[in-house]
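Data first, discussion second: the structure below is written as structure tokens.
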Amino acid sequence: MLFLDLSKMLEEIEKEPSRLKMMTLASQILDKTNKKEVDVLIYLLLGQFGATYKEIDFGIAEKTIISALSKATGIDKEKINKELRKLGDLGLVGEQIISSKVQKSLFSKKLIVAEVYSSFEKLAKMGGKGSIADKTNILVQMINNANPIEAKYIIRIAQKNMRLGLANSTIIDSLSLKFLKDYKESNLEEFEKLKEDYGEDVERYLRYKFKEKIESKYNIYPDLGGIAKKLFEKGSNGLRDIGITPFVPVMPALAERLPSIGKIIEKLGKSIVEPKFDGFRLQCHYDGKEVKLFTRNLEDMSEIFPDAVETIKKSVKKYPIIFECEAIGYNEKEDKYYPFQVTMKRKRKYDIPGVSKQIPLRLVVFDIMYLKGSLIDKPLLERKQILENAMTPNKNLIFPENIYTDDVPRIQKFFERVLSEGNEGIMLKDPNAIYTAGARKFAWVKYKKSYSSRAKDTLDLLVMGYFSGKGQRSKFGIGALLVGSYNEKENRYESIAKLGSGLTEENLESLQKALSEIKETEKPKEYVSGINPHVWVRPKYVVEVLYDEITKSPTHLCAKDEMGGLALRFPRLIKIRSDKNKVQTSTTKEVLELFKSQ
DNA sequence: ACTGTCTGCCCC
DNA sequence: ATTCTGC
DNA sequence: GCAGAATGGGCAGACAGT
């Protein structure tokens, strides 16, 4: 397939707001391809390279692409940056620049989809001294051979962000639609018979059936390209032999959120309540010999946590097995867990043995998906029982404490105790629910302090500047704010966070109006900040900000004299406090006290 | 040999 | 991670 | 309510540049 033809079809999808129509358009692309290249096509649609669980990194992103674009077109980087801030997408910038440079070299050759893909594969493999220049050159070559539309999508592929408004779920829809059409063509008699039973809804019914089937396979074999290929090769039979397999990761179940314990119990009834630990999630596979560990995003971390591997080999008695745990750095001397920032240090390539010793991992095992066969369709209570019989706990591998109840005050007490022990919050689980692989369902609900509508953990912070936005936000010229606290002693404002979550279009519109009138060309002298926003503004506006935690920061400078810098974890806008002025900003002293009281 | 910048379907 | 928006 | 797309702090690693 010509890359130009694909690009034109992608543009159709991009313009289309209705997901049903996107599905139809995507299935038309599938109609034009074959079993040889369908996997590559699916990966390109998703803006991903290879199966979800073994994706390839490019090692290039915005800055390198800007260099390439500059080198390919002769336009200087500053100009490109300016355009980027205006348009909010490098792909659009590339498209615009190429289209304004009318004359295209006579020698430019037509791009082929498979060749574009393999160029990126080649680029991904490069490393070492001079490799950034080499990668840049590959991009330059592709851009030089590209039409404006092609350039747009090449750049977006490089960023792994296609901006089509279509992702996994709609691709699965389009596969099921394609599948339905094929089925109709080859089983016309059977189809007519079904039509007698189901009437005009027969197509929707069948498509939904196909979708469910593909989705359930995807959730235990997270490779849409591979699945599409099997479908193209053998039709629905191609999926028959896909089952949960040790060493192929399962899509993790996700938790919903609700604003109070009462509401959760209303929804779930009597629940299993466990602490929510602040480490990272690990999916563990073991066949009696080898152990493989996958993160929440299905990255293979087996080499990185040798102590966890040993723990599993020592404790797990039954296999082949797939189970799930939270891995947290554990301070043996003081018998408590390290904060997340410390556990994060374990995610490394070098000095693994040294840091393993310094920050040993404890595995808190909470679910099981496989033991000599799939368990994901069994209810949680049954899975828990199987899990506890499959391994022997010890100091490095434990089962979480839990209560089984619908008594809200009792859960509240449990919640508060668990918080005081340094956990993030609690998880409430429906004892009868299956393992909802790949889905955020009300089988599990998480509850943290910051979800409560009564949460008073907000700060009133000064807007010090703003950053231009990407995509939808670029039309407002604002993507995030730089906010800070007031240091009374030094009479200055100190940055504590960037704030980009929680901003509605209404917020953005009013901020755009208000901030445009107080722009400063230079950083105001009463500001202290380690990072520079695209635009500084005079001290004037105050915003109310919710957060989960105050952490020591290497980038923000709140309380820099006392602590070297503090920042907010998960900051989000609650409201613009137009009733407050800059004098009413929360002070650095208050922030320090809150930090110490955590 | 050191430092600063950029990157990561990073981890959360 | 949290949050908003169009469907 | 789903699916998608905005956005956060902070860590180690990989290069580029000096």
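Letters A, B, ... are given to chains in the order of the sequence lines, protein chains preceding strands, and every chain is numbered from 1.
Few gaps surround NZ on A/K475; more than 12 heavy atoms of other groups in view lie less than 6.0 Å from it. More than 12 heavy atoms of other residues, nucleotides or ligands shown are found within 6.0 angstrom of CD on A/E11.
Within the 3.5 Å criterion, the main-chain N or O of A/F294 finds no donor-acceptor partner in the side chain of A/E299. Listed for the A/Q159 side chain is no donor-acceptor partner under 3.5 Å among the backbone atoms of A/N161.
Between A/E299 atom CD and D/dA12 atom C1' there is a gap of 14 Å when expressed in whole angstrom units. The distance between atom CG of A/L566 and atom P of D/dG9, rounded to the nearest whole Å, is 13 Å. Summarising the geometry, the separation between CZ on A/F340 and P on D/dG9 is reported as 14 Å, rounded to the nearest angstrom. Between the CZ atom of A/R296 and the P atom of B/dC11 there is a distance of 10 Å, given to the nearest Å. Atom CG in A/L508 sits about 11 Å away from atom C1' in D/dT7, given to the nearest Å. Here the P atom of nucleotide D/dA6 and the CD atom of A/Q159 are 11 Å apart, to the nearest Å. Rounded to whole Å, atom P of B/dC10 lies 9 Å from atom NZ of A/K160. Nucleotide D/dT7 holds its C1' atom 12 Å from the CZ atom of A/R572, rounded to whole Å.
Within 4.0 Å of A/L298, counting heavy atoms only, lies no atom of the nucleic acid at all. Residue contacts shown for A/L164 are limited to sugar-phosphate atoms, with no base heavy atom under 4.0 Å away. Within 4.0 Å (heavy atoms only), A/M301 reaches sugar-phosphate atoms of the nucleic acid but no base atom. Here A/Q48 lies in heavy-atom contact (under 4.0 Å) with a base. Backbone-only contact: A/G279 has heavy atoms under 4.0 Å from sugar-phosphate atoms and none from a base. At the heavy-atom level, A/K448 lies under 4.0 Å from the strands shown only through sugar-phosphate atoms. Among the protein residues, A/T555 comes within range of the sugar-phosphate backbone only, with heavy atoms under 4.0 Å from sugar or phosphate atoms but none that close to a base. Note on A/L573: nothing from the nucleic acid sits closer than 4.0 angstrom, heavy atoms only. Residue contacts shown for A/L20 are absent, as no nucleic acid heavy atom lies under 4.0 Å away. Within 4.0 Å (heavy atoms only), A/F280 reaches sugar-phosphate atoms of the nucleic acid but no base atom. Among the heavy atoms of the strands, none lies under 4.0 Å from A/K21.
With hydrogens and angles left out, the side-chain atoms of A/D173 and A/T170 include no donor and acceptor closer than 3.5 Å. For A/T295 and A/R281, the side-chain atoms include no donor-acceptor pair closer than 3.5 Å.
Look at A/T295 and you won't find any side-chain N or O under 4.0 angstrom from OP1 or OP2 of B/dC10. OP1 or OP2 of D/dA6 has not a single side-chain nitrogen or oxygen of A/Q472 nearer than 4.0 Å. Contact annotation: A/T343 side-chain N/O to B/dC12 OP1/OP2 distance is not under 4.0 Å. At the phosphate of D/dC11, neither OP1 nor OP2 sits under 4.0 Å from any side-chain N or O atom of A/R346.
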Hey, can you pull the donor-acceptor pairs under 3.5 Å for the side chains in residues 133-140 of chain A, sequence neighbours left out?
from, atom 1, to, atom 2, distance (Å)
A/K135, NZ, A/F58, O, 2.7
A/T136, OG1, A/I132, O, 2.6
A/N137, OD1, A/K71, NZ, 2.6
A/N137, ND2, A/A133, O, 3.4

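For A/F366 and A/F323, the distance between ring centers is not under 6.0 angstrom. Taking the six-membered ring where the residue is Trp, the centroids of A/F277 and A/Y337 are separated by under 6.0 Å. Aromatic rings from A/F280 and A/F305 are positioned such that their centres are separated by under 6.0 Å.
Set against B/dC10, D/dT7, B/dC6, the side chain of A/S501 has D/dT7 as its closest nucleotide. Closest to the side chain of A/H556, from the set D/dA6, D/dG10, B/dC12, is D/dG10. You'll find that the side chain of A/R163 is closest to D/dA6, out of B/dG8, D/dC11, D/dA6.
B/dC12 and D/dA6 are spaced 22 Å apart, taking the P atom of each and rounding to whole Å.
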Per-nucleotide protein contact string for nucleotides 13-18 of chain D (B base, S sugar-phosphate only, - none; heavy atom under 4.0 Å): SSSS--
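Applying the salt bridge (charged side-chain N to carboxylate O under 4.0 Å, His left out) rule to A/K86 yields the partners A/E83; only residues at least two apart in sequence or on another chain are considered. When the side-chain contact (heavy atoms from CB on, under 4.5 Å) test is applied to A/K82, no partner is found at least two apart in sequence or on another chain. With sequence neighbours left out, A/S302 forms a side-chain hydrogen bond (donor to acceptor under 3.5 Å, both in side chains) with A/D300. Shown here are the salt bridge (charged side-chain N to carboxylate O under 4.0 Å, His left out) partners of A/E266, two or more places apart in sequence or in another chain: there are none. Not counting sequence neighbours, the partners of A/E544 by the side-chain contact (heavy atoms from CB on, under 4.5 Å) test are A/T458, A/D460, A/I574, A/K575, A/R577. The side-chain hydrogen bond (donor to acceptor under 3.5 Å, both in side chains) check on A/S468 picks up A/H534, with sequence neighbours excluded.
Shown for residues 474-483 of chain A: no residue has heavy atoms falling under 4.0 angstrom of DNA chain B.
Place A/T504 and A/E424 on DNA chain C by their nearest nucleotides, and A/E424 ends up nearer the 5' end. In terms of position along DNA chain C, the nucleotide closest to A/K276 lies nearer the 5' end than the nucleotide closest to the other residue of the pair A/K276 and A/P17.
Once you apply a 4.0 Å limit to the heavy atoms of chain A, the touched nucleotides of DNA chain C run 5' to 3' over C/dA1 to C/dC7.
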Under 3.5 Å, which N/O atoms of the protein pair with N/O atoms of nucleotides 1-3 of chain D?
from, atom 1, to, atom 2, distance (Å)
D/dA3, OP1, A/S169, OG, 3.0

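In DNA chain B, consecutive stretches of 3 or more Watson-Crick or G-U wobble pairs with both distances under 3.5 Å are given as paired ranges: B:1-8 with D:11-18, B:10-12 with D:8-10.
Nucleotide C/dC4 forms a Watson-Crick or G-U wobble pair with D/dG4, both donor-acceptor distances falling under 3.5 Å.
In summary, A/K357 and A/D351 do not engage in a salt bridge, as defined by a charged side-chain N under 4.0 Å from a carboxylate O.
A cation-pi geometry, defined here as NZ or CZ lying under 6.0 Å from the six-membered ring centre and within 45° of its normal, holds between A/K498 and A/F467.
The side-chain contact (heavy atoms from CB on, under 4.5 Å) test with A/V463 singles out one residue from A/I576, A/T585, A/L482, A/V537, and that residue is A/V537.
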